[in-house]
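Please read the structure below before turning to the comments.
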Amino acid sequence: LQKLIHLLQATDDPLIQEQALITLSNSAAFSVNQDIIRNLDGLSVIGGMLSDCAPKVKEKALNALNNLSMNIKNQEEIQVYITQVCRSIDSAPLNSDLQLAALRLLTNMSVTSDYHHKMINSIPCFLRLLSEGIERTQIQVLKVLVNLSANPDMTRHLLRAQV
């Protein structure tokens, strides 16, 4: 895992980055690896890949963060990327794999109400996707909206959102 993280830092080759991110994502499916990746500063390295210009690299980074977000301590570090993830959802091509990966991450990050306030400005975007997206996009958006609606503090924001 350490070598994969170092490889991500050392290369600019998108194909190598994608493969390293896929392997880290698969490794993160095991809870013991989630702690190891966090302790190796892997979350910030993977999070840094969200700024990459290659959509496939961003998508693979989002998938890895999604798997890593199943851990509360990891969520504490991943939450700094929520605003950037929301921007990615809004700017990604409609119904793209990139958009879906970002929505999946937000679904996990919105299970508890800890980070809902970071998603408030994206509620109109979520509602637009619910209207314009295909079924798989709509389902993922609904998961985020259901999580947000479980928080009474979000009621006003959800009901006042301009669609």
Side-chain angles (χ1 to χ4, degrees), residues 21-22 24-35 37-39 41-163:
L21 288 165
I22 288 169
L24 284 167
S25 181
N26 291 339
S27 298
F30 302 97
S31 56
V32 67
N33 290 341
Q34 293 175 5
D35 293 330
I37 292 169
R38 181 184 65 253
N39 292 332
D41 199 34
L43 296 175
S44 64
V45 173
I46 295 168
M49 308 305 300
L50 297 178
S51 300
D52 197 284
C53 293
K56 282 292 183 190
V57 173
K58 283 185 193 179
E59 175 195 337
K60 303 305 185 228
L62 287 163
N63 288 337
L65 289 174
N66 182 47
N67 286 347
L68 288 160
S69 72
M70 303 304 285
N71 175 313
I72 295 296
K73 287 184 180 177
N74 286 355
Q75 281 193 1
E76 291 170 6
E77 290 190 34
I78 293 170
Q79 59 93 16
V80 301
Y81 303 107
I82 290 177
T83 304
Q84 186 176 359
V85 171
C86 288
R87 281 195 306 265
S88 293
I89 291 169
D90 197 28
S91 64
L94 183 63
N95 304 314
S96 65
D97 290 336
L98 174 61
Q99 192 173 60
L100 203 59
L103 285 165
R104 279 194 299 267
L105 175 57
L106 286 189
T107 300
N108 282 348
M109 294 299 294
S110 64
V111 169
T112 66
S113 60
D114 297 343
Y115 311 113
H116 286 181
H117 63 281
K118 293 184 174 238
M119 301 177 204
I120 289 172
N121 291 336
S122 294
I123 292 172
C125 171
F126 300 151
L127 295 173
R128 180 181 55 79
L129 292 177
L130 193 57
S131 166
E132 297 174 5
I134 61 173
E135 184 177 349
R136 69 182 189 152
T137 302
Q138 292 172 330
I139 289 170
Q140 208 58 55
V141 169
L142 281 172
K143 289 178 181 182
V144 174
L145 289 171
V146 165
N147 288 345
L148 295 177
S149 71
N151 179 355
D153 294 337
M154 295 298 291
T155 303
R156 179 173 40 94
H157 301 288
L158 289 165
L159 293 176
R160 288 187 180 172
Q162 296 296 314
V163 183

* Derivation of the salt bridge (Lys or Arg N to Asp or Glu O under 4.0 Å) call for Lys73 and Glu76 -> CA-CA 5 Å; Lys73 287 184 180 177; Glu76 291 170 6; over 6 Å; no

* Looking only at non-hydrogen atoms, find the nearest pair between Ala92 and Leu98 and report the distance. => CB-CD2, 4.0 Å

* First locate atom CD1 of Ile78, then atom CE of Met109, and finally report the distance between them rounded to the nearest 0.5 Å. => 6.0 Å

* Going by heavy atoms in the side chains, are Ser113 and Asp153 under 4.5 Å from each other? -> no

* Asked: Is the shortest heavy-atom distance from the side chain of Lys143 to the side chain of Val146 under 4.5 Å?
  -> no

* Verify, without hydrogens or angle tests, whether Ser25 (side chain) and Leu21 (backbone) share a donor-acceptor contact under 3.5 angstrom. => no

* **Over all atoms of both residues, closest heavy-atom pair of Thr83 and Lys118** => OG1-O, 4.4 Å

* Structure fact -> Closest non-hydrogen contact found for Ser110 with Met119 is CB-CE, 3.8 Å

* **Non-neighbouring partners of Gln138 that pass side chain to side chain donor-acceptor pair (under 3.5 Å), sequence neighbours left out** => none

* Counting only heavy atoms not in Asn26, do more than 12 fall under 6.0 Å of its CG? -> yes

* From CA spacing to verdict: side-chain contact (heavy atoms from CB on, under 4.5 Å), Asn121, Cys86 -> CA-CA 9 Å; Asn121 291 336; Cys86 288; over 6 Å; no

* Closest non-hydrogen atom pair between Ile46 and Ala61, with its separation -> CG2-O, 3.6 Å

* **Separation between CD1 of Ile82 and CD of Gln75, rounded to the nearest 0.5 Å** => 8.0 Å

* Heavy-atom side-chain proximity of Asn33 to Leu68 below 4.5 angstrom -> no

* Quick one: do Leu65 and Val85 satisfy side-chain contact (heavy atoms from CB on, under 4.5 Å)? Show the steps, please. => CA-CA 11 Å; Leu65 289 174; Val85 171; 5.8 Å; no

* **Step-by-step side-chain contact (heavy atoms from CB on, under 4.5 Å) determination, Val57 to Lys60** => CA-CA 5 Å; Val57 173; Lys60 303 305 185 228; 5.9 Å; no

* To do: Decide yes or no for Leu148 and His157: does some side-chain heavy atom of the first lie under 4.5 Å from some side-chain heavy atom of the second?
  => no

* Compare every heavy atom of Asp114 with every heavy atom of His117, then report the nearest pair and how far apart it is. => CE1-O, 3.2 Å

* To do: Could you check if a side-chain atom of Met154 sits within less than 4.5 angstrom of a side-chain atom of Ile123, using non-hydrogen atoms only?
  => yes

* Considering non-hydrogen atoms only, spot the tightest contact between His116 and Asn147 and give its length. => CE1-O, 3.1 Å

* Roughly how far, to the nearest 0.5 Å, is CD1 of Ile72 from CE of Met70? -> 9.5 Å

* So do the side chains of Leu127 and Leu145 get within less than 4.5 Å of each other, counting heavy atoms only? -> yes

* Straight-line distance of Phe126 CZ to Leu103 CG, nearest 0.5 Å -> 6.5 Å

* Among residues two or more places apart or on two chains, list those pairs meeting side chain to side chain donor-acceptor pair (under 3.5 Å) that have a residue in residues 94-107. => Asn63-Arg104, Asn95-Thr137, Asp97-Arg136, Thr107-Gln140

* Gap separating the CG atom of Asn74 from the CG atom of Asn108, nearest 0.5 angstrom -> 11.5 Å

* Rounded to the nearest 0.5 Å, what's the gap from CD1 on Ile120 to CZ on Arg160? Could you check? => 12.0 Å

* Asked: With side chains defined as the heavy atoms from C-beta onward, is the minimum distance between Leu105 and Tyr81 less than 4.5 Å?
  -> no

* **Pairs where residues 86-96 contributes a residue and the test salt bridge (Lys or Arg N to Asp or Glu O under 4.0 Å) is met, not counting sequence neighbours** => Asp90-Arg128

